[in-house]
Amino acid sequence: SRIRIFLLFIVMAAQSPPLAGRVAIVTGSSRGIGRAIAIHLAELGARVVVNYTTKSSDADLVAAEINGLPGVTGNGPRAIVVQANVSEPRSRATMRKGWGVGRLQEKRKGESKLSWKRAFESPVHILVNSAGVLDPKYPSIANTSVEDFDRTFRYAADCSLIRIFVFTINSRNNLCLHAPGPIATEMFFEGKSSEVVEKIAAENPFGRVGEVRDVVPLVGFLAGDGGEWINGQIIPVNGGYV
């Protein structure tokens, strides 16, 4: 009998990364959760504005890692570093307009005025506010200065105002808040004894403190097309921690 051999050739079309062609600003992305989010969004194809307040060397390391990733559609860098204190209205306005005291990571000889809009030839598509503030002394309210209270409130207000903002202006821009519980970052460990850390870990159903890898997938999903219908939500990412 004759043996018939059929060869099936499957040609797979190369697919673009889900965030290719998009620009993301990640505040507080020189360290901790913000750093992990910036790198994750870059791995998904986004070009990233790495924002920092004081840790310029840390921000440069993040940009270097991102710029070392495989290329995506378009010319120019994968990441640009911009210094801005997002707790200050003037700095927020400056970043929103596309300007900042920034630099390409490769150019270490001084800083200059550099527009991320010009560097990426694109408007911003994704904004992740990951900047945080913590007083490691954990003072009581009575012992907290007015300046420190105002500074903390400017960061914390996002949580209580996000739904009001979305529904008041009928926003078609997706605005969500990911609310991680205790996450093992430099900020989390600062000022805590090992006993306190173990107690916090024991209070979680998983018996551990969260890792940045537990947080970033949700941010990547919300930044993509799959998160379009999720708007005005506060999403806990805490492993069931109460």
Notebook entry, point to check: With distance as the sole test, does N238 use its side chain to make a donor-acceptor pair with the main-chain N or O of P180 at under 3.5 Å?
Noted result: no
Check: Side-chain contact, heavy-atom cut-off 4.5 Å: V219 with V128?
Finding: yes
Scan the side chains in residues 33-43 for donor-acceptor partners under 3.5 Å anywhere in the protein, sequence neighbours excluded, and list what turns up.
{"from": "R35", "atom 1": "NH2", "to": "E65", "atom 2": "OE1", "distance (Å)": "3.0"}

Note to self: Once rounded to the nearest 0.5 Å, what's the spacing between atom CZ of F189 and atom CD1 of I183?
What the structure shows: 10.5 Å
Next item on the list: Report the distance from atom CZ of F221 to atom CG of L218, rounding to the nearest 0.5 Å.
Entry: 8.0 Å
Next item on the list: Can you see which heavy atom on G239 is nearest to which on P205, and at what distance?
Entry: O-CD, 3.5 Å
Checklist line | Q83 CD to T54 OG1 distance, which is reported to the nearest 0.5 Å | finding: 8.5 Å
Check: So, for A59 and Y52, which heavy atoms are closest and what is the spacing to 0.1 Å?
Finding: CB-CD2, 3.6 Å
Notebook entry, point to check: In Å, rounded to the nearest 0.5 Å, how long is the span from OG1 of T185 to CZ of R31?
Noted result: 8.5 Å
Next item on the list: Please name the residue in the list I80, I66, V82 that meets the side chain to side chain contact (heavy atoms under 4.5 Å, CB included) test with V50.
Entry: I66
Note to self: Tell me whether K55 is salt-bridged to D60, with the criterion being a basic N under 4.0 Å from an acidic carboxylate O.
What the structure shows: no
Next item on the list: Decide whether N51 and S29 meet the rule of one side-chain donor and one side-chain acceptor closer than 3.5 Å.
Entry: no
Margin query: My understanding is that only one of V26, I25, V49 makes a side chain to side chain contact (heavy atoms under 4.5 Å, CB included) with L127; could you say which?
Written below: I25
Notebook entry, point to check: Looking only at heavy atoms, which two atoms of V48 and F120 are closest? And how far apart?
Noted result: O-CZ, 3.6 Å
Check: Are the side chain of D214 and the backbone of G210 linked by a donor-acceptor contact shorter than 3.5 Å?
Finding: no
Item checked: Close side-chain approach of L44 to P17, heavy-atom, < 4.5 Å -> no
Check: By salt bridge (Lys or Arg N to Asp or Glu O under 4.0 Å), which residues pair with D58, not counting sequence neighbours?
Finding: none
Next item on the list: First locate atom CG of L222, then atom CD1 of I126, and finally report the distance between them rounded to the nearest 0.5 Å.
Entry: 10.5 Å
Item checked: Minimal non-hydrogen separation, A179 against I234, with atom names -> CB-CG2, 4.2 Å
Check: Taking the side chain from N204 and the backbone from A201, do they hold a donor-acceptor pair closer than 3.5 Å?
Finding: no
Notebook entry, point to check: Between atom OH of Y241 and atom CD1 of I200, what is the distance when rounded to the nearest 0.5 Å?
Noted result: 5.5 Å
Next item on the list: Verify salt bridge (charged side-chain N to carboxylate O under 4.0 Å, His left out) between K199 and E195, making sure each step is shown before the conclusion.
Entry: CA-CA 6 Å; K199 181 178 182 296; E195 291 78 12; over 6 Å; no
Notebook entry, point to check: Quick one: do V237 and I230 end up in the same hydrophobic cluster if we chain Ile, Leu, Val, Met, Phe, Trp and Tyr together by side-chain heavy atoms under 4.5 Å apart?
Noted result: yes
